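For reference, the structure discussed in these notes is given below.
These numbers come from a predicted model, not from an experiment. Any value given below was found using the heavy atoms of this structure, including those in side chains, with hydrogens, waters and symmetry copies removed. First the proteins, then the strands, lettered A, B, ... as listed; each starts at 1.
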Number of protein chains: 2
Amino acid sequence: MVDPVGVALPTLRRLPLYLRLFEERRRAGEEWLSSEVLARRLGLRSIQVRKDLSSVGALGSPKRGFPVQATAETLSLLLRRDSYSSVFLVGAGHLALAFLEDESLSRHGFEVAAVFHPAPAMRGARLGGREVLPLAKLPDLSRRMGVRLAVFAIETEWAAEALEGLGGSEIGGIVDLTGGELAAPRDLAVVRASFGACLSTLVGELSKRPGRAV
Amino acid sequence: MVDPVGVALPTLRRLPLYLRLFEERRRAGEEWLSSEVLARRLGLRSIQVRKDLSSVGALGSPKRGFPVQATAETLSLLLRRDSYSSVFLVGAGHLALAFLEDESLSRHGFEVAAVFHPAPAMRGARLGGREVLPLAKLPDLSRRMGVRLAVFAIETEWAAEALEGLGGSEIGGIVDLTGGELAAPRDLAVVRASFGACLSTLVGELSKRPGRAV
DNA sequence: TCATGTGAATACTTTCACAGCA
DNA sequence: TGCTGTGAAAGTATTCACATGA
């Protein structure tokens with residue numbers, strides 16, 4: 001099996017999209033799925049789909065496309081790596097709840113192991129059926145469960161405190177959904193994501209399009 | 001003023017991070033801010049900060065750094081372009097509410113003009129103090145308000161219907177937060193974003209780091 | 001002929017090296 | 001000396017061109 005490490009990052013982000021369509025096809029009882037069809041469904045170029053699939057060792061057959069069953073299997077195995085699959089969620093608001101309910105997590109091979117919040121007022125609260133744990137429990141749980149990833153979906157006024165609460169844990173990287181408030185410590189990998197950035201990306205895409213003027 | 005079109009996309013996504021720190025400094029009464037300090041706060045390299053700022057025409061001064069007042073002004077003007085600043089939000093769940101409340105929108109120069117949902121059951125509902133409008137009103141409002149961007153933060157079972165509801169509107173691109181369910185029509189730019197993809201990116205970052213093994 | 005697979009070419013980003021200025 | 005500014009270089013990602021196989 002191909003090691004996920006070594007697969008280009010943009011490719012890695014597209015694989016779950018392919019997987020979803022392969023599984024849709026599998027349920028429909030189809031045997032083959034071509035890069036052209038995939039590309040059309042996803043708004044990509046077929047050459048890119050082929051490069052991506054070829055980079056993870058998925059093998060297609062000329063004239064027919066890629067075998068649905070085998071390719072779905074390959075992608076599924078690749079995305080469901082076992083380390084890094086559990087994440088801690090820090091936060092208990094709308095954003096945290098939306099994260100908890102999101103289907104894309106399992107498709108990318110992740111699951112939420114526990115939910116934390118630093119506010120004393122949150123003691124005993126529940127989020128989506130889970131207990132919200134005090135932040136103080138995070139380091140110990142992280143070590144015992146081997147969880148190395150955390151997601152910050154927390155009010156900005158609590159962000160700094162939550163960051164400190166990672167001290168002594170195994171957390172090696174965080175996804176920052178707070179909107180860039182967080183100062184990134186040197187020993188922590190930080191991926192920032194925000195709705196605003198998504199929109200900026202979209203505007204960038206549009207301005208590159210030949211059609212309608214900006 | 002530098003045209004946002006022509007500024008590299010990754011740069012465009014980092015600018016709001018700089019702007020936030022410049023404004024923080026301005027409130028603190030500081031006059032100068034160096035690329036090194038910016039970089040340290042954000043987990044970037046100083047050279048990248050300088051390249052970014054230079055690409056939008058921000059001018060620094062040797063030994064001191066970048067002038068806080070002037071640079072904040074430049075960034076602010078650049079990000080607050082006037083077309084593409086209003087967006088329609090489609091959806092009314094936790095994710096939609098989180099989107100509505102997100103601070104990163106204004107920092108990137110966007111604002112939510114109206115909220116829509118295709119479900120008849122949602123008639124008259126409110127989301128974050130706004131009325132949730134029936135999807136049928138979207139095309140007309142889009143034309144009258146000149147809104148060309150939409151954000152899909154909607155349950156997957158409604159996504160397809162919502163997409164059809166864009167027919168006859170001015171919408172030229174959408175941000176798809178549904179997790180990749182949407183089939184992308186050829187005439188629409190689609191930016192997909194999902195929590196799962198963010199986590200994949202983080203794992204990719206970590207695996208590139210020299211330190212701790214994966 | 002249709003669709004894959006691959007090495008080359010192109011485009012885009014980041015990083016380096018060093019010049020210049022206070 | 002400290003930090004900016006810029007052109008060159010390196011590193012990535014995407015796209016092209018064409019060989020191959022059913």
Side-chain angles (χ1 to χ4, degrees), chain A residues 2 4-15 17-18 21-22 25 30-68 70-71 74 191 197 200-201 204-205 207-210, chain B residues 2 4-15 17-18 21-22 25 30-68 70-71 74 191 197 200-201 204-205 207-210:
Chain A
V2 175
V5 179
V7 175
L9 215 57
T11 297
L12 215 51
R13 282 193 298 254
R14 285 188 293 264
L15 293 181
L17 303 177
Y18 305 148
L21 292 181
F22 273 106
R25 277 287 163 126
E30 302 277 341
E31 283 194 53
W32 302 94
L33 179 50
S34 78
S35 62
E36 310 252 355
V37 173
L38 281 164
R40 202 168 327 121
R41 270 293 294 275
L42 297 169
L44 306 170
R45 316 276 170 98
S46 67
I47 174 67
Q48 188 164 56
V49 174
R50 286 206 300 280
K51 259 284 198 278
D52 286 344
L53 289 175
S54 119
S55 81
V56 300
L59 220 37
S61 148
K63 177 106 176 178
R64 290 175 294 184
F66 292 81
V68 167
T71 312
T74 301
V191 166
S200 292
T201 305
E205 292 291 333
S207 69
K208 276 193 301 189
R209 291 213 159 193
Chain B
V2 176
V5 180
V7 176
L9 214 57
T11 296
L12 215 51
R13 281 193 297 254
R14 284 187 294 265
L15 293 180
L17 303 176
Y18 306 148
L21 292 180
F22 273 105
R25 277 285 163 127
E30 302 278 341
E31 283 194 52
W32 302 94
L33 179 51
S34 77
S35 62
E36 311 250 353
V37 173
L38 281 164
R40 200 166 331 119
R41 270 294 294 275
L42 296 169
L44 306 170
R45 316 276 171 99
S46 68
I47 174 68
Q48 187 165 56
V49 175
R50 285 205 301 280
K51 259 285 199 279
D52 285 345
L53 289 176
S54 121
S55 82
V56 300
L59 219 39
S61 149
K63 176 108 175 181
R64 289 175 295 186
F66 292 80
V68 166
T71 312
T74 301
V191 166
S200 291
T201 305
E205 292 292 332
S207 69
K208 275 194 301 190
R209 292 216 158 190

Spacing of B:Lys63 atom NZ relative to D:dT4 atom C1', expressed in whole Å: 13 Å
For atom CZ of A:Phe66 and atom P of C:dA3, their distance in whole Å: 12 Å
Contact nearer the 5' end of DNA chain D, comparing A:Ile47 with B:Ser46: B:Ser46
Nearest-nucleotide pick for A:Lys51, side chain only, options being C:dG7, D:dA8, C:dA3: C:dG7
A:Tyr18: which of A:Thr11, A:Leu44, A:Thr71, A:Val56 passes side-chain contact (heavy atoms from CB on, under 4.5 Å): A:Leu44
Side chain of A:Ser54 - closest among C:dT6, C:dT15, C:dA3: C:dT6
Single hit among A:Arg40, A:Arg45, A:Lys51, A:Arg50 for side-chain contact (heavy atoms from CB on, under 4.5 Å) with A:Ser35: A:Arg50
Closest non-hydrogen atom pair between B:Pro67 and B:Gly60, with its separation: CD-CA, 4.3 Å
Under 4.0 angstrom between B:Arg50 side-chain N/O and D:dT4 OP1 or OP2: yes
Minimum heavy-atom distance between A:Arg25 and A:Trp32, given as atom pair plus value: NH1-O, 3.7 Å
Atom-pair distance (CH2 on A:Trp32; C1' on D:dA22), nearest Å: 10 Å
Interatomic distance, A:Leu44 CG vs D:dT15 C1' [rounded to whole Å]: 13 Å
Length of the line joining A:Gln48:CD and C:dG5:P, which is rounded to integer Å: 16 Å
Value in whole Å for how far the P atom of D:dT14 lies from CG of A:Leu53: 14 Å
Between C:dT15 (C1') and B:Lys208 (NZ): distance, integer Å: 13 Å
Touch class at under 4.0 angstrom, heavy-atom based, for B:Leu59 against every strand present: sugar-phosphate
CD (B:Glu30) with more than 12 external heavy atoms under 6.0 Å: yes
Any B:Arg14 side-chain N or O less than 4.0 Å from OP1/OP2 of C:dT13: no
Sugar-phosphate only, base, or nothing, as touched by B:Ser61 at under 4.0 Å among non-hydrogen atoms: sugar-phosphate
B:Ser35 side-chain N/O to D:dT4 phosphate OP1/OP2 under 4.0 Å: yes
5' precedence on DNA chain D between A:Leu9 and B:Ser34 (nearest-nucleotide basis): B:Ser34
Protein-nucleotide distance (B:Asp52, atom CG; C:dT15, atom P), rounded to Å: 10 Å
